[in-house]
Amino acid sequence: WIIMKLYNKFLIGCLALGALSACTDRFESMNTDPSSLVNVSPAYILPFVQETGVNLDATPYQRGDNLHSQMYCQYFTNTVQGWTSDRYGYNDGWAEPGYWTPYYTTLKHLKEVKAMAAETPSYTNYCQMVRITVAYGTIGMTDTFGDIPYSEAGLGGSSPKYDVQKNIYYDVFNELTEAVDILKQNLAGQEPCGENNDLVYAGNIQKWIKFANSLRLRYALRLSYIDPDKAKSEGEAALQSGVMESNDDNAYMRITAAGGWGHPLYMICNWNCFTMSKTMENILKKSSTVADPRMPLWFGQTVGYKNNQKAPKPSFKGEQFQGVPSGRTDAELLAADVDGYIANSPDNNSCVYGLKAFPDWNANRMDGNAPSNTVVPLPFKVMNYAEVCQLKAEAALRGWSGAGDIKNNYENGIRASLAEERDGVDASLYSTDNDEIYLTTGNVAWSNTDSDEKKLEKIITQKWLALYPNGIEAWAECRRTGYPVLMPISQSDDPAINPGNGEFIKKIRYCDAERRDNKENATASSLNQGQGDGMNVRVWWDTQRYK
C-alpha cells in the first residue's frame, strides 16, 4: 500500500498537466514519451496500471462503466433527471475521463515497461503482468468505440493513427500468447512480487497464466461470428494452455489507496443515481420457477416496501425487489398515479443494497435510510471462473476441442457464481434451499433437446449474470449474440437510433478531444468498416444479431 501510494503521488505530480489540463493540451501530453516522465521499477507501475485500467476510483468508474456500459447492458437504469446516458445521450465530460484517459495512461505505461524489461531482464515477469492487464483494458476500449489509436498511441506523436479493430484483436492475441509463454519459462532472478505490487494475484505466476488464457478464450469467442477460423484456433489454444479451474483462480483486485472509500460501485450507489433495471428484475424473477438466489445478494429491498411493511399504505403498489424500465424520460421518472405512487422513483426500486455489500439492509436491521455505514469492503471483480465455465459451454456448443461437456460447463458455471456471490456473506442471511430448483426448472434448466440457438441463449444469459457488474463485457456480449434479450428503451436522445423499431446503441462515438486534436484520423470516413463514427455504427465483430 505504501509503495503504491508513493508511486501514485509521484506520478500524479508528473502527469497533472497532461491528465487534468484543458482538453487542447490533453492529447499531446497523453502521448508524450513516458520515459521522460518517470523512471521507476515496474513494481511501482503494475498496481497503478491495474487500478487505472479498471477505473477503480469512483469518479472514472461512474463516468465510464456505470453511466454507460452498465446502462447499455441493462444491469441498471438511470433515475436522475437530466442524465441522459441510458437514453443514448452523449456527454463528453463523462466519456473522455471514463474511457480515453485511463486507456492512454495504461497503454503508455505498457510501452515504457516493455523497454525497461528489455534493458533489465529481472523485470520480465512484471512486464508480462502489465501486458495482460493492458490487453484486458484495450479490448474493453475497442469493444466500446470500435477502431481506436493503438500501435502508434503512447509513442510521443500528437496524431496517432486509428487501428482497425481486427488488427487490435490479433495483436492482443499475440500479447496474451507471448506473455503466457514467457511466464511458463519460470525465469530465475526475477524481481520479487507480493500483494503490495500485484493487487490481483500477489505475484502468483500460475494464476496469471490461467487468467491470460481465460481472457484469450473470452476474446476468441467474440470473433465466433465474424472470424470463426481465428476464433476456433485461438480458443482451442487457450483451452490447451490452461484456463481457470475453480473460484480459487478468480481475478479479483484488492482495493487499496486509489480505491478511496472502497469498491466504486458501492460508493456511488449511495448517491441514489441508479437502480436495478426492469430487464434485470425480469431475468432474476422469471427465468426459473423460483427467483434467482443472487437477487438478494446483489440488490436491496426497496425503501417503499420496507416502509410499507412498517406502516401499510393503500397507495403503495410496489414489490419487495423492483426495477425501472431503461431509458425513462425525466417526466416518466417523476410521474405519479392517481394515488400518488411514483413507480419509477428510487424509493420504489432496488439499489445495490444487497447482502454482499450491505448485509444490514436486507437483513431487516435498517429503517429505510441509506445504509452508508454498513458496507462490507469488497474486492473488484475482474474475471471469474463462473464466466469461464460459460465460455467453455459455448466453445463446446461450437465443437471446439478441449472444451468439455456443454451441460456440465453450464451448470458448473451457475453453481460457481452462486458460491462466489455468497462468499463472505453470513450464512444465516441467505438460504440455499432453492438452488437446485432454480437450476433445474423453467428456462434455466438445461435440455439436450433444445435447439443450438436456445442453448446459446441460456449460456449467454447465465454469463451475463456471472459477469455482473462488469458492464463493458456484458454489453459486448449483448451485441455479439443478441442475448439476453433486452427491453427497448423508452426514448433515444440519439436521432439515429429508433427504440420504437427495437433498436439499441451499438458503440460510443469518439470524444471531442479526439475529433479536434486528431481530426484527420478520428473523423475519417474509412473508420469502422467504412461506416465512420456514431452511436448507431456497428463495431467489426457485430454481425447484426440484434437491431
Side-chain angles (χ1 to χ4, degrees), residues 132 135-136 139 169-170 172-174 176-177 179-181 184 206-251 382-420 439-440 444-467 470 473-474 476-478 480-484 541 543 545:
I132 296 166
Y136 171 92
I139 293 298
Y169 259 84
Y170 275 43
V172 165
F173 285 133
N174 290 336
L176 293 172
T177 302
V180 166
D181 289 344
K184 283 186 173 182
Q206 296 308 310
K207 290 186 184 294
W208 272 101
I209 290 170
K210 293 178 184 178
F211 175 41
N213 287 327
S214 299
L215 287 175
R216 190 178 177 190
L217 178 60
R218 172 196 279 182
Y219 303 146
L221 281 163
R222 190 86 86 247
L223 308 190
S224 56
Y225 292 109
I226 192 67
D227 197 353
D229 291 340
K230 179 67 170 176
K232 183 179 181 183
S233 65
E234 292 290 343
E236 290 182 340
L239 289 163
Q240 183 178 23
S241 185
V243 296
M244 293 179 182
E245 299 175 292
S246 73
N247 280 342
D248 288 340
D249 294 327
N250 288 347
V382 180
M383 191 177 192
N384 59 6
Y385 170 65
E387 179 198 350
V388 172
C389 288
Q390 302 305 343
L391 293 172
K392 290 171 65 178
E394 183 181 351
L397 183 65
R398 297 183 181 281
W400 292 4
S401 176
D405 180 76
I406 307 174
K407 180 177 184 288
N408 287 343
N409 284 324
Y410 171 77
E411 293 183 345
N412 287 343
I414 297 173
R415 291 191 176 97
S417 179
L418 293 175
E420 175 188 10
L439 187 63
T440 57
V444 176
W446 188 262
S447 173
N448 289 327
T449 62
D450 282 340
S451 67
D452 283 354
E453 192 66 26
K454 185 64 176 178
K455 291 175 181 176
L456 179 67
E457 180 178 7
K458 291 182 178 182
I459 291 168
I460 300 302
T461 299
Q462 287 300 324
K463 184 200 289 187
W464 183 83
L465 290 166
L467 285 166
N470 184 347
E473 184 63 24
E477 285 298 272
C478 289
R480 177 180 74 93
T481 66
Y483 301 124
W541 45 255
T543 57
R545 287 177 55 85

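Hydrogens, waters and symmetry mates play no part in the numbers below; they use all other heavy atoms, side chains included. All figures in this text were calculated on a predicted structure; none of them were measured in a lab.
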### Message
Please check: side-chain N/O of Ser241 versus main-chain N/O of Asn213, any donor-acceptor pairing under 3.5 Å?
### Response
no

### Task
Can you tell me which residue pairs pass the salt bridge (Lys or Arg N to Asp or Glu O under 4.0 Å) test with a partner in residues 382-392, sequence neighbours excluded?
Arg218-Glu387

#### Entry: Between CZ on residue Arg415 and SG on residue Cys389, distance to nearest 0.5 Å
10.5 Å

## Note on the structure
Closest non-hydrogen contact found for Ala403 with Asn409 is O-ND2, 2.8 Å

### Query
Could you give the distance from CG (Leu439) to CD (Glu411), rounded to the nearest 0.5 Å?
4.5 Å

### Query
Got a sec: does the CD of Glu453 have more than 12 other heavy atoms crowding it under 6.0 Å?
yes

### Query
Under the salt bridge (charged side-chain N to carboxylate O under 4.0 Å, His left out) test, which residues partner Lys230, sequence neighbours left out?
Glu234

### Query
Is there side-chain contact between Lys210 and Val388, with heavy atoms separated by less than 4.5 Å?
no

### Query
Tell me, which pairs form a ring-ring contact (aromatic ring centres under 6.0 Å, His included) where one or both residues lie in residues 208-235, sequence neighbours left out?
Tyr201-Trp208, Trp208-Phe211

### Message
I'd like to know if the side chain of Asp249 reaches the main chain of Tyr385, judged simply by a donor and an acceptor atom lying under 3.5 Å from each other, with no hydrogens or angles considered.
### Response
no

### Message
I need the Tyr169 OH to Ile226 CD1 distance, nearest 0.5 Å.
### Response
11.5 Å

### Electrostatic pair Arg222:Glu473 at N-O distance under 4.0 angstrom
yes

### Query
So do Ile459 and Tyr483 actually touch side chain to side chain, heavy atoms under 4.5 Å?
no

### Summary
Interatomic distance, SG@Cys478 vs CZ@Arg545, rounded to 0.5 Å, equals 12.0 Å

#### Entry: Beyond-backbone contact of Arg480 with Ser224, side-chain heavy atoms, under 4.5 angstrom
yes

### Query
If you look at every heavy atom in Ala212 and Leu176, which pair is closest and at what distance?
O-CD1, 4.1 Å

### Query
Hey, does Tyr410 have a side-chain heavy atom less than 4.5 Å from the side chain of Val444?
yes

### Message
Return the CD to NZ distance between Gln206 and Lys184, rounded to the nearest 0.5 Å.
### Response
8.5 Å

### Query
Counting distance only, does the side-chain N/O of Asn384 pair as donor-acceptor with the main-chain N or O of Ala466 below 3.5 Å?
yes

### Task
Work out which heavy atom in Met244 is nearest to a heavy atom in Ala251; give both atom names and the distance.
CE-N, 3.9 Å

### Task
Would you mind reporting whether Ile460 and Glu394 have side-chain heavy atoms less than 4.5 Å apart?
yes

### Message
Would you say that Ile414 contacts Leu465 through its side chain, given a criterion of any heavy-atom pair below 4.5 Å between the two side chains?
### Response
no

### Query
Do Asp452 and Arg398 have side-chain heavy atoms sitting under 4.5 Å apart?
no

### Task
Indicate the atoms forming the closest heavy-atom contact of Ala238 with Val243, along with that distance.
O-CG1, 3.7 Å

### Query
Closest approach of Leu397 and Ile406, non-hydrogen atoms and distance?
CA-CD1, 3.6 Å

### Message
So does Leu391 get a backbone contact from the side chain of Lys463, meaning a donor-acceptor N/O pair under 3.5 Å?
### Response
no

### Task
Mind listing the closest non-hydrogen atom pair of Trp400 and Ala231 along with its distance?
CH2-O, 3.3 Å

### Query
Is any side-chain heavy atom of Leu223 less than 4.5 Å from a side-chain heavy atom of Phe173?
yes

#### Entry: Any donor-acceptor pair under 3.5 Å from Asn470 side chain to Leu467 backbone
no

